[in-house]
Amino acid sequence: MAKWTPKHEAPEPLEGPVVATITGGTIVWFVLFLVQLPFYGWFDDHGHLWWLWTCLAGGGLGLVGVWYVRRRDAALKRAAGLREASAE
């Protein structure tokens, strides 16, 4: 069986407001958790308690994501500043 190899270059990664996007998504996960919290008993009775914990896990992982993309953004800006300084 032959190994498949792509025949074209990979596209450049999309750049945009990454920090704002991750922060917004994290807020949405926490809001969903808080909205579902008053219905804890219903979720428990119907076997859907994992919905609640999924939202909390999404919010927690989102906090890690916010930390990561803020550091990445700072590193990209720092590298761009070093390139400008060395070009002058």
Side-chain angles (χ1 to χ4, degrees):
M1 196 163 180
K3 181 180 175 185
W4 179 82
T5 56
K7 296 179 176 37
H8 54 79
E9 292 287 325
E12 290 294 320
L14 296 175
E15 292 296 330
V18 180
V19 176
T21 302
I22 301 300
T23 302
T26 302
I27 290 169
V28 167
W29 279 114
F30 278 124
V31 166
L32 286 172
F33 172 74
L34 292 175
V35 166
Q36 292 178 4
L37 198 55
F39 304 102
Y40 184 92
W42 185 90
F43 284 121
D44 193 24
D45 292 344
H46 291 87
H48 297 302
L49 201 53
W50 64 271
W51 290 7
L52 189 69
W53 303 125
T54 299
C55 293
L56 185 61
L61 290 172
L63 290 176
V64 174
V66 169
W67 172 81
Y68 179 82
V69 297
R70 288 188 66 190
R71 287 188 50 125
R72 176 185 176 270
D73 195 39
L76 289 173
K77 288 178 182 174
R78 201 170 38 251
L82 290 175
R83 273 195 309 269
E84 277 184 18
S86 64
E88 292 175 352

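Just so it is clear, the values below take in all heavy atoms, side chains as well, and ignore hydrogens, waters and symmetry mates.
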Side-chain touch [X]/[Y], heavy atoms, less than 4.5 angstrom:
X	Y	value
Trp29	Leu63	no
Leu52	Leu49	yes
Thr54	Phe33	no

Side-chain heavy atoms nearer than 4.5 Å, only ILVMFWY residues, links allowed to pass through others: does that put [X] and [Y] together?
X	Y	result
Val64	Val66	no
Phe39	Trp51	yes
Ile27	Val69	no
Val35	Leu37	no
Ile22	Trp67	yes

Problem set entry | Nearest-0.5 Å distance that lies between atom CD in Gln36 and atom CZ in Phe43 |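 Gln36 atom CD to Phe43 atom CZ measures 4.0 Å (nearest 0.5 Å).
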For this session: Can you measure from CG (Leu34) to CG (Leu56) and round to the nearest 0.5 angstrom?
Result: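 Taking CG in Leu34 and CG in Leu56, the distance rounds to 9.0 Å.
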Exercise. Can you name the side chain to side chain donor-acceptor pair (under 3.5 Å) partners of His46, sequence neighbours left out?
Worked result: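 With sequence neighbours excluded, His46 shows a side chain to side chain donor-acceptor pair (under 3.5 Å) to Trp42, given in chain and number order.
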Exercise. How far apart are the closest heavy atoms of Leu32 and Cys55, and which atoms are they?
Worked result: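 Leu32 and Cys55 have their closest heavy atoms at CB-SG, 3.7 Å.
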